[in-house]
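Both backbone and side-chain heavy atoms feed into the values below; hydrogens, waters and symmetry mates do not. Chain letters run A, B, ... following the sequence lines, proteins first, then strands; residues in each count from 1.
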Amino acid sequence: MADNPATDRITVRHQSSGEVIDIARAAAPFFPDYEQIDSAGRRVAEHKSSSDKKGD
Amino acid sequence: MSDVMNDGNVAAWFVASIADISGPKAATEIGATSTLALHTRATPDGLKVPASTDNIDNSKLGSTFTTHVVGRRKFDGLSVKYQVGDQTTDKTFDTTLVYKAQGFLVVRRGIAVTQAPAAGDSVEVYPVMCEEPIITDPTPNSIQEKTVNFQLTGDARSASNPATLVA
């Protein structure tokens, strides 16, 4: 199956409240207070929410 | 004729990150890959930016008039209504404009939407958070539509004090 950031889902956790939600990978930049976690609840470092910025 | 036409001349974007809302960066912030160009799928009357202003009663005992001065500004009812599409770029609207998504609603008026955002463009900037999308009830002969209401989350650069895009 093709990699599709618009529909691929990731699990993210709010950094202060701990709230866990599923979002589209493409939407990650719009959840700046959340960090991606894996199925075991461990933080996934490479999915920073601001990672798609083209640079200043 | 000097009237400013709306048709084709209102652009709106949902932008993930803006460091300085008085001067958003045209290329790297408005032009970020995550930015949604809302005008590409919004209905012709689908952009709502309803400003209103509270008032403060400053009437005096010695006067026979009720008087007011202006109070706080608010934007209750900020929203965008868009047509649902089935292409990958269309689906990004459905997956980005979701409950609790945060970003900046940027509106540019009076410039053709075909013109890319550029330094010097005057824009309104509203820091917002999305409410739960509302799917329009189906009717005969209709396209599926969604309305996303926004809550204003911070001070805006509204029409009376717009921002200016920088390079």
Side-chain angles (χ1 to χ4, degrees), chain A, chain B residues 13-21 23-38 40-41 80 84-106 116-117 119 126-133 148 150-151 153-154 165-167:
Chain A
M1 183 182 295
D3 191 36
N4 187 344
T7 54
D8 289 350
R9 309 292 292 182
I10 61 173
T11 301
V12 295
R13 179 175 56 208
H14 194 272
Q15 294 178 33
S16 59
S17 72
E19 176 196 27
V20 174
I21 55 176
D22 283 350
I23 61 172
R25 184 150 49 84
F30 295 92
F31 288 83
D33 301 328
Y34 292 76
E35 59 186 7
Q36 187 182 358
I37 58 173
D38 62 18
S39 59
R42 293 180 298 243
R43 181 171 180 270
V44 180
E46 59 266 30
H47 277 284
K48 294 290 289 182
S49 60
S50 59
S51 60
D52 78 328
K53 289 181 70 178
K54 291 176 178 174
D56 296 335
Chain B
W13 298 274
F14 187 51
V15 182
S17 176
I18 293 177
D20 176 6
I21 70 165
K25 295 183 175 69
T28 59
E29 293 178 337
I30 309 300
T33 54
S34 60
T35 293
L36 291 183
L38 300 173
T40 62
R41 298 217 59 86
V80 64
V84 176
D86 62 1
Q87 300 302 300
T88 298
T89 53
D90 304 335
K91 291 178 186 296
T92 308
F93 279 64
D94 302 323
T95 54
T96 299
L97 296 170
V98 295
Y99 178 62
K100 286 191 177 179
Q102 297 181 64
F104 297 83
L105 176 64
V106 178
Y126 305 91
V128 295
M129 180 181 281
C130 294
E131 298 182 6
E132 181 71 13
V148 179
F150 301 105
Q151 290 292 337
T153 59
L165 297 186
V166 299

- Task: Please look at B:F93 and chain A and tell me whether the side chain, the backbone, both or neither of the residue comes under 4.5 angstrom of a heavy atom of that chain.
- Result: neither
- Task: Please round to the nearest 0.5 Å and tell me the distance separating atom OG1 of B:T95 and atom CZ of A:R25.
- Result: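 Separation between the atoms: 11.0 Å.
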- Task: Output the distance between atom CZ (A:F31) and atom CE (B:M129), rounded to the nearest 0.5 Å.
- Result: 8.5 Å
- Query: Would a 4.5 Å heavy-atom cut-off, applied to side chains only, mark B:Q102 and A:D33 as touching?
  - Reply: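 B:Q102 reaches A:D33 side chain to side chain.
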- Query: So which of B:V15, B:L97, B:D94, B:V98 has the largest heavy-atom pair count under 4.5 angstrom toward chain A?
  - Reply: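 Most heavy-atom pairs within the cutoff with chain A belong to B:V15.
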- Note on the structure: Heavy-atom nearest pair, B:S34 first then A:P29, reads CB-CG, 3.9 Å
